[in-house]
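Numbered from 1 within each chain, the chains take letters A, B, ... in sequence-line order.
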2 protein chains.
Amino acid sequence: MNEGDTFRPDQDRPGVEAAPDTDGAVSLHELENSLGFLLRISQVRAYERFYAAFDEIGLRPGEFSVMWVILRNPGVRQGLLAETLGIKPAQMTKMIRRLEVQDRIRRVIPDDDRRSVRLYLTEGGEAFVRDHRDAFFGHDDYHNHGLSDAECRQLAHLLRRYSGVGRKADD
Amino acid sequence: MNEGDTFRPDQDRPGVEAAPDTDGAVSLHELENSLGFLLRISQVRAYERFYAAFDEIGLRPGEFSVMWVILRNPGVRQGLLAETLGIKPAQMTKMIRRLEVQDRIRRVIPDDDRRSVRLYLTEGGEAFVRDHRDAFFGHDDYHNHGLSDAECRQLAHLLRRYSGVGRKADD
DNA sequence: TTTAAATTGTTTCCGAGTAAAGAATTTCGT
DNA sequence: ACGAAATTCTTTACTCGGAAACAATTTAAA
């Protein structure tokens, strides 16, 4: 019953081994100072909070950001948008298609460079952004972290520096 | 040539539309203060840095963390490990299998509860953690963010609070 | 001009992560 | 003690995101 099952390189026989660590609480030690680890855990939380707030209206994580940037930069080229938001071209193609089907954005092939795609919000898209802007940015908030306003600003500042977003040396 | 291609709801005809935003730089506006957005971008950077440093030895993002926690909590139950690290059970099963095939961890089915799996590092696993510990935690670093030590600690502190990791009210 | 190279976006295919169902074992209720 | 419910892990089937190959167009070179 041990060898021939699906694929299981020996082991997992019942064992009297080094006494198991008392259960109940697992200690992370240095991991609690690892930025990579903390960033991952934090992003998982952020996603949970996002879905809790926006799943009901069928909004996906990247979509609002994309619409927001298009609103603020009408006619932006698709590739440049992708690069700015750290979204890969293949993925951006899918997102744009979905948003276009929902009639929230418009794709325009300009005559002066027919390889590229320029993006605009439709009226519906603009209305959508207007309607959910406060919810997304947290004036109204789905942000159930217990951080104060000052801490939020501080955290945002450090993340901008960590990631190099915005560039101009930040604050 | 417009309608019957693959699937393309009208649009994308060449257009003279609202003059496109001057290219060159895209402005993010409020997005630069969005923690959700900044966390995502930061984690993308963290992954890039991780792969740049550890891809050559075939180490995947979650694996070192898992080995580290097992080293510090020998005999930890697989499910508890998963919960602690925010990894879903199904995914944990795959990771554990891979690490077992690499002979870095040992799965032990305890006699007192034969549903569960307790995890230990092999000698090779312990050696591996010893060998890469400094590289991973950044005494030696692949961490090319420009943050000072104090800023790193501050960022870690805020991320712990944001994510609720560690629990005991942090500092 | 005419061909080669670069740019831009799309398609195809594959891996990582997950929800849901399943299998094995233990615990609880009666 | 017996069967139902809960626990723990695994399997299956699916979706999301990405690398690589591709197609269309523009720019550079010959």
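Checked against salt bridge (Lys or Arg N to Asp or Glu O under 4.0 Å), B/E48 has the following partners two or more places apart in sequence or in another chain: B/R45. Here B/E83 pairs with nothing under the side-chain hydrogen bond (donor to acceptor under 3.5 Å, both in side chains) rule; sequence neighbours left out.
The nearest whole Å value for the distance from the CG atom in B/D55 to the C1' atom in C/dG15 is 14 Å. We find that CD of B/Q43 is positioned 11 Å from P of D/dG18, with the value rounded to whole Å. Atom CE in A/M92 sits roughly 15 Å away from atom P in D/dA19 (whole-Å rounding). Between the OH atom of B/Y51 and the C1' atom of D/dG18 there is a distance of 11 Å, given to the nearest Å. As a whole-Å value, the separation of B/L119 CG from D/dT8 C1' is 13 Å. Spacing between atom CZ of B/R118 and atom P of D/dT7 amounts to 17 Å, rounded to whole angstrom units. Between the CG atom of A/D113 and the P atom of D/dA28 there is a distance of 12 Å, given to the nearest Å. One atom, CD1 of A/I96, and another, P of C/dG9, lie 10 Å apart when rounded to the nearest Å.
One finds a side-chain N or O of B/R107 lying less than 4.0 angstrom from the OP1 or OP2 phosphate oxygen of D/dT10. Within the structure, a side-chain polar atom (N or O) of A/R97 is placed less than 4.0 Å from OP1 or OP2 of C/dT11. Residue B/R77 places at least one side-chain N or O closer than 4.0 Å to OP1 or OP2 of D/dC9. Using a 4.0 Å cut-off, no side-chain N or O of B/R115 falls inside it from OP1 or OP2 of C/dA24.
Of all nucleotides listed (D/dT11, C/dT25, C/dT11), C/dT25 comes nearest to the side chain of B/R114.
Each of A/P61 and A/D112 was matched to the nucleotide of DNA chain D holding its nearest heavy atom; the match closer to the 5' end belongs to A/P61.
Backbone-only engagement by A/S116 is indicated by non-hydrogen atom pairs under 4.0 Å involving sugar-phosphate atoms exclusively.
In this pair, A/F54 and A/H132 present their aromatic rings perpendicular. The plane angle is above 60°, beyond the 30 to 60° band. Ring pair A/Y51/A/Y47 is tilted by interplanar angle, where 30° to 60° counts as tilted. Using cut-offs of 30° and 60° for the angle between ring planes, the B/W68 and B/F64 rings count as parallel.
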Produce the list of close N/O pairs, under 3.5 Å, pairing protein atoms with atoms of nucleotides 16-21 of chain C; give distances to one decimal.
{"from": "C/dA16", "atom 1": "OP1", "to": "B/R60", "atom 2": "NH1", "distance (Å)": "2.8"}
{"from": "C/dA16", "atom 1": "OP1", "to": "B/R60", "atom 2": "NH2", "distance (Å)": "3.2"}
{"from": "C/dG17", "atom 1": "OP2", "to": "B/Q91", "atom 2": "NE2", "distance (Å)": "2.3"}
{"from": "C/dG17", "atom 1": "N7", "to": "B/K94", "atom 2": "NZ", "distance (Å)": "3.0"}
{"from": "C/dT18", "atom 1": "O4", "to": "B/K94", "atom 2": "NZ", "distance (Å)": "3.3"}

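A donor-acceptor contact under 3.5 angstrom links the side chains of B/R160 and A/N33, judged on distance only.
For the pair A/R40 (side chain) and B/L85 (backbone), a donor-acceptor distance under 3.5 Å is present.
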